[in-house]
Amino acid sequence: MVHFDCIYRGIDAVSSRESKLLGGNRIIAQPYEFIVGSVPGVERKRDFVENANGLFSAQAAPKPPPALYAATEGMRVGGKRRVVVPPELGYGNKGSNEIPPGATFEMDIELLGIKSGGSS
């Protein structure tokens, strides 16, 4: 589980700390979860979270760039890392939010936790 922030020209352009509330306009942050070694974009879909304030969905959260999958290797829980993301490992020819197509940007990553994948 990680939080990530993609920073382009000093602007926090894409972040896991932004997520939408279903049926409202409140913002909630949920960590981004993925399976280590998975192909980018094929990660486990996140569950709905019930809260006294309503039903939140992490599905509305922005998707990270493919660079996240390799950049977390070797990190320890609680660790933070800043990496420079080239276009081919970023958002490529499409861009995302304020990150234009073909842009290089920085990404801050914080490893919040690791879940065991064992089946018992």
Side-chain angles (χ1 to χ4, degrees):
M1 295 182 299
V2 300
H3 269 309
F4 68 92
D5 299 290
C6 298
I7 302 154
Y8 180 72
R9 294 188 177 179
I11 297 170
D12 204 4
V14 179
S15 176
S16 65
R17 299 173 197 278
E18 296 177 14
S19 191
K20 294 188 176 25
L21 164 66
L22 290 178
N25 61 1
R26 188 166 168 196
I27 294 177
I28 183 172
Q30 288 189 328
Y32 184 78
E33 295 181 22
F34 66 99
I35 298 170
V36 175
S38 67
V39 177
V42 185
E43 63 279 339
R44 178 184 75 76
K45 292 192 182 284
R46 292 174 282 169
D47 300 323
F48 288 102
V49 177
E50 279 205 58
N51 185 304
N53 296 326
L55 183 67
F56 296 93
S57 171
Q59 294 297 340
K63 296 291 184 198
L68 176 72
Y69 295 80
T72 54
E73 289 182 20
M75 289 183 72
R76 294 182 182 196
V77 173
K80 296 180 180 181
R81 183 176 285 176
R82 176 170 279 188
V83 295
V84 175
V85 181
E88 59 274 12
L89 294 176
Y91 293 106
N93 294 328
K94 292 184 180 181
S96 182
N97 293 349
E98 289 87 7
I99 299 175
T104 295
F105 57 91
E106 294 177 327
M107 180 170 55
D108 288 339
I109 304 165
E110 180 181 2
L111 183 61
L112 304 171
I114 298 173
K115 292 183 179 180
S116 173
S119 56
S120 13

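The first residue in the sequence is number 1, and the count goes up from there.
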Taking C-beta and beyond as the side chain, do V14 and Y91 meet within less than 4.5 Å on heavy atoms? yes

Which residue pairs satisfy the salt bridge (charged side-chain N to carboxylate O under 4.0 Å, His left out) criterion with at least one member in residues 66-84, sequence neighbours excluded? R82-E106, R82-D108

Using every non-hydrogen atom in the two residues, find where A67 and V85 come nearest and quote the distance to one decimal. CB-CG1, 3.8 Å

Residues in side chain to side chain contact (heavy atoms under 4.5 Å, CB included) with I11, at least two apart? none

Across all chains, not counting sequence neighbours, the side-chain hydrogen bond (donor to acceptor under 3.5 Å, both in side chains) partners of E98 are none

Residues at least two apart in sequence or cross-chain that pass side chain to side chain contact (heavy atoms under 4.5 Å, CB included) with P101, listed by chain then number, are none

Over all atoms of both residues, closest heavy-atom pair of P65 and G90: CB-CA, 3.7 Å

Counting distance only, does the side-chain N/O of D5 pair as donor-acceptor with the main-chain N or O of D12 below 3.5 Å? no

By salt bridge (Lys or Arg N to Asp or Glu O under 4.0 Å), R9 pairs with (sequence neighbours left out) none

Hits for salt bridge (Lys or Arg N to Asp or Glu O under 4.0 Å) against E88, two or more places apart or cross-chain, chain-then-number order -> none

With sequence neighbours left out, the residues meeting side chain to side chain contact (heavy atoms under 4.5 Å, CB included) with I109 are V2, L68, A71, T72, M75, V83, M107

Parallel, tilted or perpendicular: which fits the ring planes of Y32 and F4, with parallel below 30° and perpendicular above 60°? perpendicular

